[in-house]
Each structure stands twice: as structure tokens, then as C-alpha cells.
Amino acid sequence: SKKKGLSFEEKRARMMEIFFETKDVFQLKDIEKIAPKEKGITSMSVKEILQSLVDDGMVDTDRIGTSNYFWAFPSKALHARKRKLEELESQFAESSQKKEALQKSIEKSKIGREDTAERAALAEELAALRQKKEQLKAEIDKYRECDPDVVEEMRQTNKIAKEAANRWTDNIFSIKSWAKRKFGFEESRIDKSFGIPEDLDYID
């Protein structure tokens, strides 16, 4: 039987593995070589997948000279998922409240009244909100991790992400020290040039 291709989300997950496993910085051409060989992602789809991860804030990018470089911190990916979940839950709650208000309005309009254009409009909006609510619920279910095995895996992932983030932080401090010694750059100039936060520090 014909082998089933990877879905868009599977490709995104595998591309994130490249960054997490290597803890390295890449150019697009590097990823286009690595992704097909090690992760089964077709080279033609690499740019699209990478851009979607950049758009979602899961992969960072910066232009140095004439080249674009890409990297990802494991801890940032976890924070991005948490923010997405919180955003979806907020939208879900807002949609549910609006649905309830519309439902009450429709029920009230039924008392002693014939069908009206207003009621028809409310019913149409309610139907649209119900559909939106189901869509949001489906998205929330994707992000809410309830299985004990998944929760434990997330704990381990978080531990690994913390260690990796601290290694990256240590590397950044080392490079900054080297740049100051080698070129006499001021620390503030280095931070500004490479977008390094002034309060960058190790994660406890």
C-alpha cells in the first residue's frame, strides 16, 4: 500500500525536533538538507513549515549580514502553547456567554410574538456561535493534556527545556564575554544588536 504522507502538524512537530535535538542555529538551506534526510519532510515544504513556526512565535529568526538565521528555545515553545491555550479558553468563554445571552433573548422573543426578522437574525447568529463554540472546543481539546502519561511526558519535557534554556543562556553569556574581550564592545551594544533582553538570566 502507498505510504501515507505527513500531515502539516506532523511536519511542524518534526521540524521543532531538529532545533530541540541539535540546540543549534540554522540557515534555511541547512534545514532544507536536514529535514528530508532525518525527519522525512519534503524539501519543497520546508520553507512553508518553517515560516508557519516563525509566525506562531515558536521559532525565532534574525538577519545577520545577508543571511537569515533560525533557532528555537524549548522553553519558549512550551510558553507559546500555554499562551495559545489561554487565548482559546478566553475565546471559548466569551463565545459561551454570548450564546447564553442570545438564547435568553430568543426565548423571550417567543412569548406572544410571531416570527420576526430580528428573531431570525438572532437565530442565525446563535447558529454561527454554536459552530464557533464547537470549533474552539475542538482546538482546546488539542491543547489540553489530561492523560497521566502525557502530563508526565510534559514534566520531563519541561525539565529538558529548562536545562536546554540554561545552556543557551550560558552560551550567550560566554559569547558576550568573548565579544567584549575581542572587540571591546559594550555589553549594551551587544544586547541591542542581537536582540538580547537586558534581564536575561538563568531559569531557577
Just how far is it from atom [atom1] of [X] to atom [atom2] of [Y], taken to the nearest 0.5 Å?
| X | Y | atom1 | atom2 | answer |
| --- | --- | --- | --- | --- |
| L102 | E124 | CG | CD | 12.0 Å |
| T61 | L50 | OG1 | CG | 7.5 Å |
| I49 | L53 | CD1 | CG | 7.0 Å |
| K132 | S96 | NZ | OG | 12.0 Å |
| K182 | I175 | NZ | CD1 | 14.5 Å |
| F19 | I34 | CZ | CD1 | 9.0 Å |

Steps toward side-chain contact (heavy atoms from CB on, under 4.5 Å) verdict (R12, M58): CA-CA 10 Å; R12 280 164 54 94; M58 296 177 69; 3.7 Å; yes
Distance-only donor-acceptor hits, side chain of residues 64-74, under 3.5 Å, sequence neighbours excluded:
from: S67; atom 1: OG; to: Q27; atom 2: NE2; distance (Å): 3.2
from: N68; atom 1: OD1; to: R63; atom 2: NH1; distance (Å): 3.3

Do the non-hydrogen side-chain atoms of [X] and [Y] ever get within less than 4.5 Å of each other?
| X | Y | answer |
| --- | --- | --- |
| E38 | I18 | no |
| V59 | M15 | no |
| Q131 | Q135 | yes |

Looking at every heavy atom in both [X] and [Y], which two are closest together, and how far apart are they?
| X | Y | answer |
| --- | --- | --- |
| L129 | S95 | O-OG, 3.7 Å |
| E32 | S43 | O-CB, 4.0 Å |
| K11 | I41 | O-CD1, 3.5 Å |

query: Would a distance-only check, ignoring hydrogens and angles, find a side-chain to backbone donor-acceptor pair under 3.5 Å from K23 to F20?
result: yes
- request: Answer yes or no: is there an ion pair linking E134 with K137, defined by an N-O contact shorter than 4.0 Å?
  value: no
field: Sequence-distant partners of K39, salt bridge (charged side-chain N to carboxylate O under 4.0 Å, His left out), two or more places apart
entry: E17, E21
query: Are W168 and W178 in one and the same hydrophobic cluster, where Ile, Leu, Val, Met, Phe, Trp and Tyr link if side-chain heavy atoms are under 4.5 Å apart?
result: yes
